[in-house]
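In listed order, ligands and their atoms are each counted from 1.
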Amino acid sequence: MKPALLVIDMLEVFVRGRLRAEGAEEIIPVIARLREAFHSKKLPVVYTNDAHYPFDFEVRHWGPHAIRGSDEARVVKELEPGKDDFVVLKRRYDAFFATDLDLLLRELGVDTVVLTGVATDICVLHTAAGAFFRGYRVIVVEDGVAGVTRESHRWALDYMRRVYGAEVRKSDEVLSLLEKL
Ligand code: ZN
């Protein structure tokens, strides 16, 4: 197994801003710990960040948010990407859609994605679908993702487990998986 850590949409707007996910700040230290473990194993960390143009189709539905280059489109400072981390900018929920994420992961030899970030029931869910469609093993970090609400978070975890065969695991379990690599 060669996993990559995906840090999905940990941007100001979705963590502390207008469109914040419920409990999003609580997952910051969890993601930071996982990121450290991936770094120490020399495994890739990939940020997938909403970065919209004002005319994006999705913006018609949600209104302007995470417009590229704006303050609210920044990764929260606690999780700022390091120089060896990858950043993929996206314009849809699914981080695979119309981005080079799949090419990047394949060229890195990645076969497993470990999903963290927000929102469990929107971008995490759709990115899990994108990964499943392309044949990646999907691990969702239960305490490393947050949903629009706690209820929709739980619903989405269950959906990903049932429909995409995603493994929903606690961060401690993921850390001990990494230890064995
Ligand atoms: Zn968006």
Side-chain angles (χ1 to χ4, degrees), residues 4-28 30-32 34-35 44-81 85-105 110 113-134 136 138-160 163-164 166 168:
L5 180 67
L6 264 57
V7 181
I8 301 169
D9 279 337
M10 286 302 282
L11 313 180
E12 283 295 338
V13 64
F14 300 125
V15 176
R16 301 192 175 101
R18 298 177 291 122
L19 298 175
R20 65 183 166 276
E22 202 175 348
E25 286 195 276
E26 295 161 27
I27 67 175
I28 293 174
V30 176
I31 298 173
L34 285 165
R35 188 177 62 161
V45 174
V46 184
Y47 287 78
T48 69
N49 298 343
D50 236 12
H52 287 295
Y53 292 116
F55 52 83
D56 277 356
F57 189 79
E58 201 196 280
V59 166
R60 294 191 203 174
H61 180 63
W62 290 97
H65 66 279
I67 299 297
R68 58 182 67 201
S70 69
D71 286 348
E72 66 168 31
R74 277 209 204 109
V75 172
V76 294
K77 64 178 183 318
E78 298 93 324
L79 294 174
E80 240 168 55
D85 296 333
F86 299 93
V87 177
V88 171
L89 302 182
K90 66 187 183 67
R91 294 166 60 199
R92 294 292 189 270
Y93 309 147
D94 173 5
F96 287 93
F97 184 84
T99 70
D100 69 352
L101 179 59
D102 185 50
L103 179 66
L104 175 68
L105 296 177
V110 167
V113 289
V114 176
L115 305 185
T116 62
V118 295
T120 318
D121 46 321
I122 306 179
C123 292
V124 176
L125 179 83
H126 287 273
T127 299
F132 174 72
F133 297 155
R134 290 168 180 84
Y136 292 94
V138 179
I139 298 175
V140 184
V141 183
E142 189 171 354
D143 50 336
V145 292
V148 172
T149 65
R150 307 246 183 220
E151 193 189 353
S152 63
H153 163 80
R154 280 190 299 273
W155 170 84
L157 288 178
D158 180 57
Y159 186 91
M160 289 186 277
V163 179
Y164 308 139
V168 177

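- The existence of a salt bridge linking Glu58 and Arg92 is excluded, since no basic side-chain nitrogen approaches an acidic carboxylate oxygen closer than 4.0 Å.
- With a cut-off of 2.8 Å, the Zn ion (ligand 1) has no N, O or S atom of Asp56 in range.
- Note that CG of Leu11 is 9.0 Å distant from NE2 of His65, once rounded to the nearest 0.5 Å.
- For His52 atom NE2 and His65 atom NE2, the angle they make at the Zn ion (ligand 1) is roughly 90°, to 10 degrees.
- The shortest non-hydrogen separation linking Phe132 to Tyr164 is CD1-O, 3.3 Å.
- Rounded to 10°, the angle that OD2 of Asp50 and OE2 of Glu58 form at the Zn ion (ligand 1) is 160°.
- Here the closest non-hydrogen pair linking His52 and Arg91 is CE1-O, 3.2 Å.
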